Amino acid sequence: MRKNAYIRLLSPCKNLSSLLKVHARIIIAGLGQDASTTTHLINSYSSLQRCDLARSVLDSVPTPTVVSWNSMIRAYSRSNRHQEALKMYRSMVDRGLEPDRYTFTFVLKGCASALDLQEGALIRREVCRRGLETDVFICTALIDMYCKAGDLESAREIFDKMPVRDIVAWNSMIAGLSHSSDPLEALSLFKKMQLTGAVPQSISLLNLFPAVSRLAAIDLCRRMHAYGIRMDFGLEVSNALIDTYAKCGDVESAHLVFDLIHTRDDVSWSTMMAGYAHNGCFSEVLDLYDKMKEIDLQMNKVSIISALLAAGDIRDLEKGKQIHHFAKKQAVDMDVLVATPIMTMYAKCGELEKAEKLLRGSQEGI
DNA sequence: GTAGGGTTAG
């Protein structure tokens with residue numbers, strides 16, 4: 001068998017035992033230290049969340065290439081093992097290997113999820129030293145990192161200096177502004193983006209919705225809705241529309257979107273329930289809860305939280321107990337996000353002792 | 001042989 005044939009065997013491996021078997025065949029075929037084959041192996045172990053095995057592959061190669069190092073850094077970043085990703089980056093540099101633009105995007109992604117701006121600034125210096133500060137992928141990674149860490153000014157500075165911006169760069173900057181204290185600027189940048197001729201994607205809309213919600217810009221929400229229909233955007237946009245209409249106070253439109261979805265997922269249901277709760281329509285929340293139980297749908301935490309909120313608000317202790325029981329059955333009752341509305345529900349229904357008991361129980365668990 | 005941006009609650 002030729003090398004490519006082994007590599008082709010790797011992609012269908014969806015579980016560890018099949019991957020280990022292919023790995024064994026690769027070793028027997030004498031490809032255990034081949035550069036491209038080992039990179040593929042690292043990526044395969046990484047997609048099964050097995051950084052440890054990916055790492056042992058890298059360690060078994062005497063002189064791994066930059067591509068292999070990059071894949072290992074990405075593997076750690078993907079698994080939220082930021083410190084390990086940074087360590088890999090450093091030891092790669094220590095060994096005299098030259099990081100490339102891929103290396104930087106992977107390391108910066110790690111800095112973004114760890115909100116580590118100090119390390120991010122050091123990496124940024126290395127990027128500049130190598131003349132990579134205009135690379136569109138690296139710039140986007142930096143913008144994303146600064147936005148997630150709340151430093152909008154630095155993000156904007158990088159964005160404004162970019163000689164060429166693609167749709168992902170625009171989306172990242174708009175996403176940051178949309179969650180910032182200046183949602184109007186997100187709207188303004190979105191318009192600017194359209195003026196450049198860029199065609200908004202579904203993700204562009206998803207990034208803008210939080211700003212629309214906070215400004216309660218119902219007309220804009222309707223225009224985005226129309227655009228979404230024209231572009232035939234999928235379920236995520238419909239779910240976000242339910243949320244945005246509800247947050248703009250238009251529950252009827254939210255419900256219309258919900259009704260027209262062909263195949264609703266758990267997020268559609270929980271968003272609709274949260275939207276009703278947000279607008280004080282508590283009996284509608286509980287109707288949806290009952291409906292979900294009736295047709296035996298998979299219910300997520302957000303649905304349970306909204307149902308608890310509704311039961312508490314209308315002082316329906318029996319219903320509240322029923323939901324609490326269900327939360328226990330789903331093993332989410334000790335989750336802080338769920339435990340708090342459980343206590344609130346009991347307190348609102350006059351069961352202060354029960355609420356206090358639960359509070360003590362949850363404190364003992366800390 | 002490896003790239004970046006995403007929906008519900010709080």
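Order of the sequence lines fixes the chain letters, A, B, ..., with proteins taken first and strands second; residue numbering starts at 1 for each chain. Computed from a prediction, not measured in an experiment: that's the story for all the values here.
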With the threshold set at under 4.0 Å for non-hydrogen atoms, list the residues of [range] touching DNA chain B in residue-number order.
| range | result |
| --- | --- |
| residues 56-88 of chain A | A/Thr65, A/Val67, A/Ser68, A/Asn70, A/Ser71, A/Arg74 |
| residues 282-314 of chain A | A/Asn300, A/Val302 |
| residues 256-268 of chain A | A/Val267 |
| residues 231-252 of chain A | A/Glu236, A/Asn239, A/Asp243, A/Lys247 |
| residues 105-132 of chain A | A/Thr105, A/Phe106, A/Lys109 |

Review point. Nearest to the side chain of A/Ser270 - B/dG1, B/dT8, B/dT2?
Key: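 Looking only at heavy atoms from C-beta outward on A/Ser270, the closest nucleotide is B/dT8.
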
Exercise for review: Among the candidates B/dT8, B/dG1, B/dG4, find the nucleotide nearest to the side-chain atoms of A/Ala169.
Suggested key: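 The closest nucleotide is B/dG4.
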
Indicate, with a heavy-atom threshold strictly under 4.0 Å, whether [X] touches base, sugar-phosphate, or nothing.
| X | answer |
| --- | --- |
| A/Ala141 | nothing |
| A/Ser172 | sugar-phosphate |
| A/Val136 | base |

Check your understanding: Could a donor-acceptor pair under 3.5 angstrom be found where the side chain of A/Thr140 meets the base of B/dG4?
Key ->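 By the distance-only test, yes, there is a pair.
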
Exercise for review: Confirm from the modelled atom types if A/Asp166 and B/dG4 form a donor-acceptor pair under 3.5 Å, side chain to base only.
Suggested key: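 Answer is yes: a donor-acceptor pair is held.
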
[X] [atom1] - [N] [atom2] separation (whole Å):
| X | N | atom1 | atom2 | result |
| --- | --- | --- | --- | --- |
| A/Arg2 | B/dG1 | CZ | P | 15 Å |
| A/Ile174 | B/dT7 | CD1 | P | 14 Å |
| A/Phe209 | B/dG6 | CZ | P | 15 Å |
| A/Trp269 | B/dT7 | CH2 | P | 23 Å |

Point to revise | N-O pairing of A/Lys357 and A/Glu353 below 4.0 Å | key: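 No, A/Lys357 and A/Glu353 are not salt-bridged.
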
Exercise for review: Scan residues 311-334 of chain A for pairs that pass ring pair (Phe, Tyr, Trp, His ring centres under 6.0 Å), counting only residues two or more places apart or in two chains.
Suggested key: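 Matches after skipping sequence neighbours: A/His324-A/Tyr346.
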
Ignoring hydrogens and angles, write down the donor-acceptor pairs under 3.5 Å from the side chains of residues 274-281 of chain A, residues two or more places apart or on other chains.
residue: A/Asn279; atom: ND2; partner: A/Ala246; partner atom: O; Å: 2.9
residue: A/Asn279; atom: ND2; partner: A/Gly275; partner atom: O; Å: 2.9

Min side-chain heavy-atom separation [X]-[Y] under 4.5 Å:
| X | Y | result |
| --- | --- | --- |
| A/Arg74 | A/Asn43 | yes |
| A/Val136 | A/Val164 | no |
| A/Cys51 | A/Glu84 | no |

Exercise: do [X] and [Y] side chains pair donor with acceptor under 3.5 Å:
| X | Y | value |
| --- | --- | --- |
| A/Asp265 | A/Ser268 | yes |
| A/Thr39 | A/Ser68 | yes |
| A/Asp144 | A/Ser172 | no |

Listed by chain and number, what are the side-chain contact (heavy atoms from CB on, under 4.5 Å) partners of [X], not counting sequence neighbours?
| X | value |
| --- | --- |
| A/Asn300 | A/Asp266, A/Ser270, A/Val302, A/Ser303 |
| A/Asp59 | A/Arg55 |
| A/Asp259 | A/His255, A/Arg264 |

Exercise for review: Taking A/Arg315 for its side chain and A/Lys348 for its backbone only, find out whether a donor-acceptor pair lies under 3.5 Å.
Suggested key: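 Answer holds: yes.
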
Exercise for review: Among Ile, Leu, Val, Met, Phe, Trp and Tyr joined by side-chain contacts under 4.5 Å, find the other residues sharing a cluster with A/Leu260 and list them by chain and number.
Suggested key: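 Same cluster as A/Leu260: A/Leu256.
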
Review point. Who are the side-chain hydrogen bond (donor to acceptor under 3.5 Å, both in side chains) partners of A/Ser202, not counting sequence neighbours?
Key: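 Checked A/Ser202 against side-chain hydrogen bond (donor to acceptor under 3.5 Å, both in side chains); zero matches.
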
Point to revise | Taking every non-hydrogen atom, the tightest pair across A/Ile73 and A/Ala85 | key: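 Answer, listing the atom of A/Ile73 first, then A/Ala85: O-CB, 3.9 Å.
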
